[in-house]
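Sequence lines set the chain letters: A, B, ... in the order given, protein chains first and strands last, and positions in each chain run from 1.
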There are 2 protein chains.
Amino acid sequence: MARTIGSNGARTAEAIRQAGVKLIYRHGYEAMSLRQLAAEVGLQSGSLYKYFENKQNLLFDIVREHMGDLLVKAEADLDGLTDPMARLRTFVGFHLRYHMTRMAHVFIANMEIRSLDEVHRAEVIGLRRRYEGLLEDILREGARTGVFHVEEPRVVTYAIISMLTGICMWYRPDGPLDQDRLVEIYTGLAVDGVTGPASAFAPAAQPLKRRARG
Amino acid sequence: MARTIGSNGARTAEAIRQAGVKLIYRHGYEAMSLRQLAAEVGLQSGSLYKYFENKQNLLFDIVREHMGDLLVKAEADLDGLTDPMARLRTFVGFHLRYHMTRMAHVFIANMEIRSLDEVHRAEVIGLRRRYEGLLEDILREGARTGVFHVEEPRVVTYAIISMLTGICMWYRPDGPLDQDRLVEIYTGLAVDGVTGPASAFAPAAQPLKRRARG
DNA sequence: AACGGAAACAATCAAGCGTTCTTTTTTATT
DNA sequence: AATAAAAAAGAACGCTTGATTGTTTCCGTT
């Protein structure tokens with residue numbers, strides 16, 4: 001056999017992409033072999049090289065497209081909103097919904113950055129930094145106008161994004177709580193976290209019996 | 001050559017452990033080869049098998065010990081405290097400090113669970129569940145006594161733990177903020193998040209221009 | 001109907017993998 | 001000093017890996 005009946009380059013390319021996401025999500029980039037990937041799509045491993053330069057580039061393509069998509073869509077959602085509180089709520093809602101519907105992509109983009117070579121990694125990290133910058137700017141503006149009590153916007157940005165992204169680790173579409181409810185809960189946590197009184201003070205020493213010894 | 005001068009089993013075992021953590025952290029479990037690990041310790045790859053049964057068991061030993069340690073030390077820190085607020089602050093402080101001083105272990109334990117075979121994974125997940133249960137119980141008790149406004153303790157547990165654990169992704173000991181300051185910030189976020197008003201209501205529809213389309 | 005390019009197969013390569021086994025050297029014990 | 005045990009070397013194993021190449025078949029266009 002050689003070219004198979006009904007074969008179509010565009011369709012195969014998309015199938016490889018999807019299978020790649022699935023397998024990298026499940027086994028990790030290094031652990032996924034190209035023969036495994038080829039079998040998933042119904043090809044021989046050598047045929048994959050019609051669709052990417054090498055294994056590394058497959059990963060890079062997937063991750064970069066994801067990060068670019070995330071950034072563009074977040075900016076679009078925030079576009080036109082000026083009130084920091086509205087922007088924060090929008091950001092939280094967007095981030096959560098995006099992550100709940102693309103868990104595999106998100107997981108890969110966050111976890112396999114280390115598997116990218118230096119050049120590719122730098123580009124992806126740049127995109128991520130721009131994305132984080134969206135939230136950081138919101139927090140700075142809210143702090144400036146006094147709506148938020150945030151002394152360290154950078155740290156709080158990391159904290160909130162970690163909190164939201166963590167939903168990828170356990171969310172299941174058929175779980176007891178639907179997406180809207182989860183967005184409510186997380187939005188409440190984020191809003192309370194940046195508006196609450198505790199972060200406005202330098203708190204007294206914690207009532208610890210003893211410190212963590214770890 | 002065979003046995004090298006000054007060689008000592010206990011010391012080598014510890015060196016292998018440490019090098020294993022370092023390499024798995026840096027490259028991932030699958031990507032770390034035993035020849036790489038052996039070279040790091042100054043051995044031949046075959047000699048490693050005096051110290052573990054196989055590669056899988058090395059990972060399991062590292063992860064299980066970490067999770068067990070985390071659980072035991074958290075329980076010790078919380079021991080004797082009854083006030084939910086004090087317990088929450090203690091938990092947050094413990095978790096953060098532990099994660100700031102053992103970033104590699106934590107990262108491995110969280111990320112390489114999927115690389116464990118079924119039996120080992122089940123045991124590790126059980127330990128993790130017990131650890132999460134500590135916080136969940138704190139939240140439930142606080143909600144019962146009315147100090148906390150938490151409707152979904154399970155979800156909020158995941159949210160807080162993700163937020164805290166995320167510090168492993170960026171914390172550097174030589175950064176501008178010291179551990180105490182970071183504990184303050186994160187504790188403020190957590191406390192405000194569970195005591196603030198927003199989570200007490202079913203919030204109105206978000207002021208979104210449009211929903212995330214991801 | 002014929003042709004050129006697209007699509008996939010099939011075979012191959014060197015390198016590296018985890019693992020096992022035997023041998024050699026060092027250390028500790030008597 | 002002799003001996004047993006510990007520690008590591010080193011060679012070998014069967015396999016799989018990512019990657020390359022040449023060939024064959026199908027398809028869309030003219």
Side-chain angles (χ1 to χ4, degrees), chain A residues 1-24 26-63 108 112 114-120, chain B residues 1-21 23-24 26-63 108 112 114-117 119-120:
Chain A
M1 279 180 275
R3 178 166 187 170
T4 54
I5 65 167
S7 62
N8 173 293
R11 195 178 339 118
T12 303
E14 183 53 29
I16 289 174
R17 235 189 152 59
Q18 287 188 7
V21 170
K22 172 178 162 187
L23 290 179
I24 295 175
R26 196 174 296 170
H27 306 294
Y29 167 74
E30 300 269 1
M32 175 195 70
S33 78
L34 293 184
R35 284 170 177 80
Q36 207 179 353
L37 174 62
E40 186 81 17
V41 189
L43 296 179
Q44 296 297 315
S45 62
S47 306
L48 294 173
Y49 283 80
K50 289 269 169 187
Y51 298 94
F52 51 71
E53 204 178 321
N54 50 42
K55 194 187 177 189
Q56 168 79 201
N57 268 36
L58 170 65
L59 174 63
F60 177 58
D61 285 347
I62 291 174
V63 173
I108 292 173
E112 300 291 4
R114 68 174 169 196
S115 299
L116 292 170
D117 62 41
E118 224 171 323
V119 178
H120 291 155
Chain B
M1 280 180 275
R3 176 164 189 172
T4 54
I5 65 168
S7 60
N8 173 293
R11 195 178 340 119
T12 302
E14 182 53 29
I16 290 173
R17 235 189 151 61
Q18 288 189 7
V21 170
L23 290 179
I24 295 175
R26 197 175 295 172
H27 306 293
Y29 168 74
E30 300 268 2
M32 176 196 71
S33 78
L34 292 185
R35 284 170 177 80
Q36 206 179 354
L37 175 61
E40 185 82 17
V41 189
L43 295 179
Q44 297 295 315
S45 62
S47 306
L48 294 173
Y49 282 77
K50 289 266 169 189
Y51 298 94
F52 50 70
E53 204 179 321
N54 50 41
K55 194 186 177 189
Q56 168 78 201
N57 269 34
L58 171 65
L59 174 62
F60 177 58
D61 285 348
I62 291 174
V63 173
I108 292 173
E112 299 292 2
R114 69 174 170 196
S115 300
L116 292 170
D117 63 40
V119 178
H120 292 155

Whole-Å distance between C/dC21 P and B/K50 NZ?
12 Å
Could you check which of C/dT19, D/dA8, D/dA19 has an atom nearest any side-chain atom of A/N54?
D/dA19
Take the protein atom NZ of B/K55 and the nucleotide atom P of C/dC17, then report the distance between them rounded to whole Å.
9 Å
For B/L43 and for A/F52, locate the closest nucleotide of DNA chain D by heavy-atom distance; then report the residue assigned to the nucleotide nearer the 5' terminus.
B/L43
Please classify the nucleic acid contact of B/Y51 as base, sugar-phosphate, or nothing, using heavy-atom distances under 4.0 Å.
sugar-phosphate
Side chains of B/M32 and B/K55 in contact at under 4.5 Å (non-hydrogen atoms):
yes
How many angstroms lie between CG in A/L58 and CZ in A/F52, if you round to the nearest 0.5 Å?
5.0 Å
Rounded to the nearest Å, what distance is computed from the CG atom of residue B/L48 to the C1' atom of nucleotide D/dA8?
10 Å
Rounded at 0.5 Å granularity, tell me how far CZ in A/F60 sits from CG in A/D117.
8.5 Å
In residues 29-37 of chain B, which residues come under 4.0 Å of DNA chain C by heavy atom?
B/M32, B/S33, B/L34, B/R35
Got a donor-acceptor pair under 3.5 Å from the side chain of B/S47 to the base of D/dA7?
no
Note, A/Y49 side chain near A/L34 side chain (heavy atom, < 4.5 Å):
yes
Atom-to-atom span, NE2 of B/H27 to P of C/dC17 - whole angstrom:
12 Å
Indicate whether OP1 or OP2 belonging to D/dA19 is found under 4.0 Å from a side-chain N or O atom of A/S45.
no
Mind checking the NZ-CD1 spacing from A/K50 to A/I16? Nearest 0.5 Å is all I need.
12.0 Å
Between D/dG10 (C1') and B/Y49 (OH): distance, integer Å
16 Å
Atom pair distance, as rounded to whole Å: CG in B/N57 and C1' in C/dT19:
14 Å
B/Q44 side chain, from C-beta outward: closest of D/dG10, D/dA8, C/dA8
D/dG10
Would B/E40 and B/Q36 count as having a side-chain donor-acceptor pair, cut-off 3.5 Å?
no
If you compare all heavy atoms of A/G20 against all heavy atoms of A/I62, which two are closest, and at what distance to 0.1 Å?
C-CD1, 4.3 Å
